[in-house]
Structure formats: C-alpha cells, structure tokens
Amino acid sequence: MDYQTLKKNFENHRFKTAYFATKEEAADYLVKTVRGEVVGFGGSMSAKEMGLYERLSETNTVLWHWMGPAQETRFLARDATVYILSANGASETGELVNIDGTGNRLAASLFGPKRTIYLIGKNKIEPDIAAAMKRARNVAAVKNAERFRTKTPCVASGGEKCFDCNSPERICNATVILERPMKGMETELLFIDEELGF
Ligand code: SF4
C-alpha cells in the first residue's frame, strides 16, 4: 500500500486519512475515538473481520442490520451519528466507489451522520477511478452476490465477472463515486495494510 500517495491525493480532496498496519490497530483506534454515539454500520465484511460490532457496542449503541431484524435496523440506523462502512473500490487518485442493492449504506454515506468512517483494506485500492469502478463491479459486487446466493449470471458463472444483468435479484442498483466529503460531514478514511473484506 502506497499510503503517502493515498494521503496526498485524498487529503488534497479534503478527506481525513489515517494509516494502520493491521486491522487490530485500526479497531483499537475506533474504540478510543468513537464513544457515546449511535453508530450505524453498512453491510461490511471488513467491519465483521475487525470485530467492530462487539467492540464498539461496549461504549456505543450500535445498529447493524446483520445483527437483528434487518429492515427495522436499517430504518433505525438512519439516525446514526457515526456511520461505518467500507469501500468497494478506492482509487489512488482520491475517489471512493460503492455499489448498493438496498441503498441504506449509500444513503447514510451521503447525508445524516456527523461523521462517516471508511475501512479500506489494501485489496480495495486501484490506480485510478476506472479501475476502482471495474473492481467494485467485477470483484466486490460479484463476491457479494455469491454471499447472498442471488439468481444472477455472475453467481451462475461461478463468480467469473459481472454481466450487467437485468435480474430481479440484481444487487447493483446504484453506484456512488465519492469525490469529496459531503458538506457538513466529517469523512475519515482508515487505510489498513491488510486484505480486508471484498
Ligand atoms: S449487475 Fe448483476 S451480474 Fe453484475 S455483479 Fe451485479 S448482480 Fe452480478
């Protein structure tokens, strides 16, 4: 991971960044800096691999639709003061890409919480926005579709690639490219020098 390039380009875009060698160090940082908040999580394998739900629940109210009635929890998480998610792709040039099927994660990343925190493993980083978009669709979305076992051609092909399907079970319904922090939201990117999530 070339953190100096990431720091230069993302901070030039007014994002706050931090580097962690391991997911444990990143989790320790979050335990120290997120306290007494209502924390919402996106569907994030990175958060799961970091054990964040359990660790942050000790000092916060954590709302995660993977840990409770899904739709009800998604609605409650709209009132989160801090929102934690990962990125499906990040470009070294300073942009983030995320794709959603339901939209709760994208919505919270754009408006509502005072602070959003992205967990970005080294496997998410691509040289430019075109490659980050390609990764988001052909790697992250395909693996997520496999996780949900959707009836979509990407799953039927054994995870070969995205076929830009029109299936009713398509999980790629909206794509957000975050070029700068949204107004009024502190947006912090934790670059973690390990493979993390999809
Ligand atoms: S658009 Fe369809 S084929 Fe492509 S990754 Fe999404 S669900 Fe799979």
Side-chain angles (χ1 to χ4, degrees), residues 1 6 10 23 40-50 52-53 63-75 77-78 80 83-113 116-180 182 187 189-192 194-198:
M1 175 185 282
L6 293 163
F10 276 101
K23 60 181 180 298
F41 279 15
S44 168
M45 286 302 294
S46 301
K48 185 174 181 187
E49 289 168 19
M50 290 169 69
L52 286 184
Y53 179 83
L63 299 164
W64 197 12
H65 60 283
W66 286 4
M67 302 293 285
Q71 193 66 342
E72 188 184 332
T73 308
R74 284 190 190 99
F75 280 116
R78 292 190 303 187
Y83 200 80
I84 296 177
L85 67 163
S86 40
N88 294 144
S91 68
E92 282 186 337
T93 48
E95 297 87 14
L96 301 174
V97 180
N98 267 323
I99 297 173
D100 254 15
T102 305
N104 56 302
R105 179 179 63 142
L106 292 186
S109 75
L110 296 175
F111 185 78
T116 53
I117 301 167
Y118 286 81
L119 314 167
I120 306 172
K122 67 180 182 182
N123 48 319
K124 306 294 184 71
I125 296 163
E126 297 287 350
D128 55 32
I129 185 64
M133 292 277 288
K134 191 172 175 190
R135 181 195 193 280
R137 186 62 82 75
N138 287 280
V139 178
V142 170
K143 286 189 174 164
N144 274 314
E146 287 183 314
R147 182 167 59 84
F148 294 128
R149 298 191 184 136
T150 55
K151 293 189 183 69
T152 52
C154 54
V155 175
S157 71
E160 183 192 334
K161 62 171 187 169
C162 169
F163 291 82
D164 193 16
C165 71
N166 196 29
S167 161
E169 294 192 20
R170 173 177 166 128
I171 63 162
C172 308
N173 295 330
T175 302
V176 163
I177 300 171
L178 193 65
E179 300 174 351
R180 303 287 189 281
M182 301 303 289
T187 304
L189 318 182
L190 310 191
F191 290 104
I192 301 161
E194 290 184 341
E195 301 254 334
L196 209 53
F198 300 151

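First listed ligand is number 1; within each ligand, the first listed atom is number 1. Both backbone and side-chain heavy atoms feed into the values below; hydrogens, waters and symmetry mates do not. Each residue takes its place number in the sequence, starting with 1.
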N, O or S atom of C154 closer to atom 8 (Fe) of ligand 1 than 2.8 Å: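 Yes, within the cut-off.
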Would you call the rings of F191 and F10 parallel, tilted or perpendicular, taking 30° and 60° as the class edges? tilted
Near [X], which atoms of ligand 1 are under 4.0 Å from a heavy atom of that residue?
X    : value
I171 : 7 (S)
F163 : 3 (S), 4 (Fe)
C172 : 1 (S), 5 (S), 6 (Fe)

Please find out if atom 2 (Fe) of ligand 1 and some N, O or S atom of C165 are separated by less than 2.8 Å. yes
Metal proximity, C162 vs atom 4 (Fe) of ligand 1, N/O/S cut-off 2.8 Å: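 C162 does place an N, O or S atom closer than 2.8 Å to atom 4 (Fe) of ligand 1.
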Straight-line distance of R78 CZ to F111 CZ, nearest 0.5 Å: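 Reported value, rounded in 0.5 Å steps: 12.0 Å.
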Once rounded to the nearest 0.5 Å, what's the spacing between atom CD1 of I171 and atom OG1 of T152? 7.0 Å
Over all heavy atoms of both residues, which pair between [X] and [Y] is shortest? Give the atoms and the distance, please.
X    : Y    : value
D128 : T93  : CA-OG1, 4.0 Å
S44  : S86  : OG-OG, 3.0 Å
T175 : M133 : CG2-SD, 4.2 Å

Region of D164 engaging ligand 1 - heavy atom pairs below 4.0 Å: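 Looking at D164 and ligand 1, just backbone atoms fall under 4.0 Å.
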